[in-house]
Amino acid sequence: LPNSWLYNISIPLEYCFYTFLFYKSYTNRLFRQTAVSLLILFPAFCIVNILFLQGFYSFNTNILLVGNCITIILCCQFFVDLFQREVEINLLVEPMFWISTGLLFFNIGELSYSMFYQYLLQHRQDATGKLFILIHKNLIYFLYSFISIGILCTRIRYRKT
């Protein structure tokens with residue numbers, strides 16, 4: 001695609017932003033260290049991938065797959081961190097609970113499709129990309145709905161204090 005280079009810039013920035021959000025949300029020291037390490041290692045991987053492996057003008061599937069895996073790990077760590085807290089938490093008004101839930105399902109769905117992408121192409125199951133568009137569109141709706149709920153929870157949470 002002619003605009004693939006744009007995704008090679010925006011996708012790493014997006015995953016770094018999510019990693020930073022998790023870093024700010026964690027209370028567990030080990031999880032915070034993991035997030036900091038990923039904020040260093042993931043951009044380094046992206047640069048190496050763009051310069052030496054997949055190039056700048058073709059869509060970098062490696063970056064997408066690694067970003068999906070990192071986000072899934074960070075979401076799982078967040079849920080562990082959330083449920084290990086000593087204070088009682090109302091999940092309905094916890095913004096990062098909603099954001100993490102949306103990110104977890106989005107990235108699991110996207111990772112699942114991406115893992116079978118080559119197989120689907122080789123067997124002409126999704127040569128036109130219609131299945132990808134259908135899956136991705138619905139995952140985006142799901143993710144943005146949950147992010148919106150998280151943002152609304154932030155407003156409710158800070159209005160109460």
Let me check something: do L65 and L103 share a hydrophobic cluster, defined by ILVMFWY side-chain heavy atoms less than 4.5 Å apart, either directly or through other members?
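Same hydrophobic cluster.
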Hydrophobic cluster membership, W98 vs Y144, 4.5 Å side-chain cutoff
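The answer is yes; both residues are in one hydrophobic cluster.
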In Å, rounded to the nearest 0.5 Å, how long is the span from [atom1] of [X] to [atom2] of [Y]?
{"X": "N8", "Y": "T61", "atom1": "CG", "atom2": "OG1", "value": "9.5 Å"}
{"X": "C75", "Y": "M96", "atom1": "SG", "atom2": "CE", "value": "7.5 Å"}
{"X": "L13", "Y": "F20", "atom1": "CG", "atom2": "CZ", "value": "14.0 Å"}

Minimum side-chain heavy-atom gap [X]-[Y] below 4.5 Å:
{"X": "Y18", "Y": "L74", "result": "no"}
{"X": "C153", "Y": "F97", "result": "no"}
{"X": "S114", "Y": "L64", "result": "yes"}
{"X": "F83", "Y": "L91", "result": "yes"}
{"X": "F45", "Y": "I70", "result": "no"}
{"X": "L111", "Y": "C69", "result": "yes"}

Report, one line per pair, each donor and acceptor closer than 3.5 Å where one atom sits in a side chain of residues 30-43; sequence neighbours left out.
| residue | atom | partner | partner atom | Å |
| --- | --- | --- | --- | --- |
| R32 | NH1 | Y23 | O | 3.0 |
| R32 | NH1 | Y26 | O | 3.3 |
| R32 | NH2 | Y23 | OH | 3.1 |
| T34 | OG1 | L30 | O | 2.9 |
| S37 | OG | Q33 | O | 3.0 |

Among side-chain atoms of N28 and D81, is any donor-acceptor pair under 3.5 angstrom?
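Looking only at side-chain atoms, D81 and N28 do not form any donor-acceptor pair under 3.5 Å.
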Regarding Y15 and N68, is there a side-chain donor-to-acceptor distance under 3.5 Å anywhere?
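Yes - a donor-acceptor pair under 3.5 Å links their side chains.
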Between W5 and Y57, is a ring pair (Phe, Tyr, Trp, His ring centres under 6.0 Å) present by the stated rule, with each step listed?
CA-CA 5 Å; W5 65 271; Y57 293 102; 7.4 Å; no
With no hydrogens and no angle check, is any side-chain donor or acceptor of E94 less than 3.5 Å from a backbone partner on I89?
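A pair under 3.5 Å: no.
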Surrounding CZ of R29 (heavy atoms of other residues, nucleotides or ligands, distance under 6.0 Å), is the total greater than 12?
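No - once you tally the heavy atoms of other residues, nucleotides and ligands closer than 6.0 Å, there are 12 at most.
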Mind telling me whether F105 and F142 have parallel, tilted or perpendicular rings, with 30° and 60° as the class edges?
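F142 and F105: perpendicular rings.
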Run the side-chain donor-acceptor check on residues 133-140: report pairs under 3.5 Å with partners two or more places apart or on a different chain.
| residue | atom | partner | partner atom | Å |
| --- | --- | --- | --- | --- |
| H136 | ND1 | E110 | OE2 | 3.2 |
| N138 | ND2 | L134 | O | 2.9 |

